[in-house]
Amino acid sequence: MMRCLLGALLTFPLFAQPVGLVVSGDGGRLLRAGAALPLAAKPGEVLFPGDTLTAGQTPVSLLYCPDKSALTLAPAADLVIEARQPRLK
């Protein structure tokens, strides 16, 4: 039993690597991977693979670290954060 539990723990990473950072935006929402309720997307919020960022009535700007780019999400748009590149929903 212990061997099975240890094998399962080693299979999954304990912590996901952050891939981005919210820089600005007012009224945006952040839905964490696996969560049911969105959070307010505030400047300084760290983004992880699987998160979904939704802009409110104003654009949301973010830094996407894997390709060292700055992105601006248009009002009312959804962006799914992925490890390789973000994609519009």
Side-chain angles (χ1 to χ4, degrees):
M1 173 107 169
M2 185 65 154
R3 185 178 286 172
C4 182
L5 180 60
L6 182 60
L9 287 175
L10 293 176
T11 304
F12 299 103
L14 295 178
F15 300 102
Q17 290 285 356
V19 294
L21 182 72
V22 176
V23 177
S24 68
D26 191 27
R29 307 297 289 167
L30 175 61
L31 182 63
R32 295 282 182 202
L37 298 173
L39 308 168
K42 300 175 286 204
E45 199 75 52
V46 177
L47 303 171
F48 296 92
D51 291 349
T52 300
L53 185 61
T54 302
Q57 295 180 348
T58 60
V60 173
S61 296
L62 63 131
L63 299 175
Y64 186 71
C65 301
D67 59 2
K68 299 178 180 132
S69 61
L71 306 171
T72 300
L73 188 58
D78 295 322
L79 186 71
V80 178
I81 307 299
E82 295 181 348
R84 294 183 189 258
Q85 71 180 51
R87 66 176 168 83
L88 289 172
K89 189 173 179 184

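Between the CG atom of Asp67 and the CZ atom of Arg84 there is a distance of 12.5 Å, given to the nearest 0.5 Å. The distance from the CG atom of Asp78 to the CZ atom of Arg87 is 10.5 Å, given to the nearest 0.5 Å. One finds the CG atom of Leu39 at 9.0 Å from the CG atom of Asp51 (value rounded to the nearest 0.5 Å).
Of all the heavy atoms in Thr72 and Pro59, the pair that sits closest is CG2-CB, 3.7 Å. Pro49 approaches Ala83 most closely through the heavy-atom pair CB-N, 4.1 Å. Of all heavy-atom pairs between Ser24 and Pro43, the closest is CA-CG, 4.1 Å. Across all non-hydrogen atoms, the minimal contact from Val46 to Leu30 is O-CD2, 4.5 Å. The two residues Gly44 and Leu21 make their nearest non-hydrogen contact at O-CD1, 3.3 Å. When all heavy atoms of Arg29 and Pro38 are compared, the pair lying nearest together is NH2-O, 3.2 Å.
Contact check for Leu79 versus Thr52: no side-chain heavy atoms found under the 4.5 Å cut-off. For the pair Leu62 and Leu47, the minimum side-chain heavy-atom distance is below 4.5 Å. For the pair Tyr64/Val19, a side-chain contact is recorded, criterion being any heavy-atom separation below 4.5 Å from C-beta on. Side-chain contact between Thr54 and Val60: absent, with no pair of heavy atoms (C-beta onward) separated by less than 4.5 Å.
No donor-acceptor distance shorter than 3.5 angstrom exists from the side chain of Ser61 to the backbone of Val23, with no hydrogens or angles considered.
The number of heavy atoms from other shown groups lying within 6.0 Å of CD (Glu82) is above 12.
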